Visitor: 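Just dropping this structure here.
All residue numbers refer to positions in the sequence shown, counting from 1. Worth knowing before you read on, the calculation uses all heavy atoms, side chains too, and leaves out hydrogens, waters and symmetry mates. Not measured: the values here are computed from a predicted model.
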Amino acid sequence: PLPSRERGLQRVGEVFGMRKESLNKKLLPGGLIENGERRRDYAFRPPTGAMELAVTQAAERSNSTPAAVTQALVHSLEHIADGPPTEARINALCVADRQFLMRELARHLGNAGGWFEADCKHCDARFNFSLDYADLPVREAGDGYPFAEVAMDFGRVRLRLPTGADQIRLAGKPADHEHALLESLLVEVSHDATVPTTLNAEALAAIETALEAVSPEVLRQVAAACPECGKANNVDLNPYTALTHDSREVLTDVHRIALHYHWGEAEILALPRKRRHDYLRLIDQARGMTG
């Protein structure tokens, strides 16, 4: 949506149109429109140390989260929308598709959710709640995706959904760049329309509503009940958790395995993630650290 206004509380399973079986088919909620066709397929590469290191370094070396998302997906995807995961194609994805893929990447790398902490906004108690990312529904794109038409006072306009390229271009810019973003989203204006230099709140709300109607959406907020007072809390979810890991974690794994087995870095990084962790457990067992 434009601007990216947080929607109200969405309970897991409500309102959203994508079922869990759709997630299992590896389909984007939106997709790329190329040569008049909408493509939604995607697949990640096998999770190796090399992939994990590339994802963590994408966050460490990029100057913004949108740029880091692009690099992380370029290095982790096998293919997308029946084609290669080039920067241009990843940047052409709508914002919700990029959020969806980053959450799926977290699952692919072994972070399926787990226990989360929150502070109750009613009684200030800190509490824990569990969450499985696989249970989070995703709303699929609406009719007309990725375009929306809006009848305004000054005429009829056709807009496209914001993409990763828009996010990267405006990263770090002040909020008053909203109009610049709007201008870049305009695809077509009726022949007798003249878009004013500034838009009032009513016009912006109409545009946002139209874009939300066609946009897919990833759940970014859940309701969690505080066990102390029993009241519900709106807890924000970060779709970019795959970017929060430290590259030193992978490098430490490489160091431990290299010391024990005397293998080279490239050999260790090429190991599947599970195999690497199996070797680490064997090393710990040999040292009497685990059962």
Side-chain angles (χ1 to χ4, degrees), residues 1-24 29 47 52 55-56 59-60 64-66 68-69 72 95-140 167 171-172 175 201 205 208-209 212-213 215-250 252-253 273-274 277 280-281 284 289-291:
L2 182 151
S4 181
R5 182 186 302 166
E6 289 295 334
R7 295 171 65 88
L9 173 66
Q10 301 283 357
R11 292 180 183 275
V12 173
E14 291 182 356
V15 184
F16 286 69
M18 191 173 191
R19 277 72 53 194
K20 195 180 296 186
E21 58 267 25
S22 296
L23 297 176
N24 294 333
E52 287 182 84
V55 170
T56 58
E60 295 166 356
S64 70
T65 297
V69 168
V95 174
D97 273 349
R98 288 161 60 90
Q99 293 174 343
F100 170 81
L101 285 171
M102 289 303 295
R103 186 163 287 166
E104 289 301 290
L105 175 59
R107 293 179 60 204
H108 188 62
L109 293 177
N111 181 8
W115 286 94
F116 296 78
E117 283 189 339
D119 292 317
C120 181
K121 298 177 176 62
H122 306 281
C123 69
D124 295 327
R126 171 154 288 199
F127 65 95
N128 298 324
F129 65 97
S130 63
L131 186 68
D132 188 334
Y133 289 150
D135 292 332
L136 296 178
V138 178
R139 188 179 69 190
E140 293 185 355
Q167 288 185 304
E208 182 178 350
T209 298
E212 285 183 344
S215 177
E217 188 168 352
V218 174
L219 193 72
R220 296 191 61 184
Q221 194 177 78
V222 294
C226 172
E228 294 293 327
C229 67
K231 293 183 179 179
N233 289 264
N234 302 352
V235 182
D236 293 331
L237 300 177
N238 177 14
Y240 305 122
T241 55
L243 298 176
T244 61
H245 299 287
D246 192 326
S247 62
R248 287 174 296 185
E249 296 177 15
V250 178
T252 298
D253 290 351
R273 183 177 185 276
K274 182 180 182 304
H277 288 178
L280 290 170
R281 280 190 288 271
D284 287 340
M289 295 177 63
T290 61

Visitor: Any chance you could measure N111, atom CG, to H108, atom NE2, to the nearest 0.5 Å?
Guide: 13.0 Å

Visitor: Looking at every non-hydrogen atom in both residues, tell me the closest pair between A225 and G230 and how far apart they are.
Guide: CB-O, 4.4 Å

Visitor: Between V222 and L136, is any pair of side-chain heavy atoms under 4.5 Å apart?
Guide: yes

Visitor: Give the minimum heavy-atom separation between P66 and R98, together with the two atoms involved.
Guide: O-NH2, 2.7 Å

Visitor: Is the shortest side-chain heavy-atom distance between T244 and N238 below 4.5 Å?
Guide: yes

Visitor: Report yes or no: does R273 contribute a side-chain atom to a donor-acceptor pair with the main-chain N or O of L109 at less than 3.5 Å?
Guide: yes

Visitor: Under 3.5 Å, side chain of N233 to main-chain N/O of K231, donor-acceptor pair present?
Guide: yes

Visitor: L280 versus H277: any side-chain heavy-atom pair under 4.5 Å?
Guide: yes

Visitor: Would you name the heavy atoms of Y133 and F116 that are closest together and state the gap between them?
Guide: OH-CZ, 3.6 Å

Visitor: As an exercise, state the distance from OG of S215 to CZ of R139, rounded to the nearest 0.5 Å.
Guide: 6.5 Å

Visitor: I'd like to know whether CD of E60 has more than 12 heavy-atom contacts from other residues, nucleotides or ligands below 6.0 angstrom.
Guide: yes

Visitor: Looking at Y240 and T65, what are the two nearest heavy atoms and their distance?
Guide: CD1-CG2, 3.9 Å

Visitor: Got R103 and V138 here, is their nearest side-chain heavy-atom distance under 4.5 Å?
Guide: no

Visitor: Could you report the tightest heavy-atom contact between L237 and L219, atom names first, then the distance?
Guide: CD1-O, 4.2 Å

Visitor: So do E52 and P47 actually touch side chain to side chain, heavy atoms under 4.5 Å?
Guide: no

Visitor: Give the minimum heavy-atom separation between A59 and A68, together with the two atoms involved.
Guide: CA-CB, 3.8 Å

Visitor: Please answer whether the main-chain N or O of D132 pairs with a side-chain N or O of R107 as donor and acceptor at a distance below 3.5 Å.
Guide: no

Visitor: Check whether any side-chain N or O of H122 sits under 3.5 Å from a backbone N or O of A232 as a donor-acceptor pair, and report yes or no.
Guide: yes

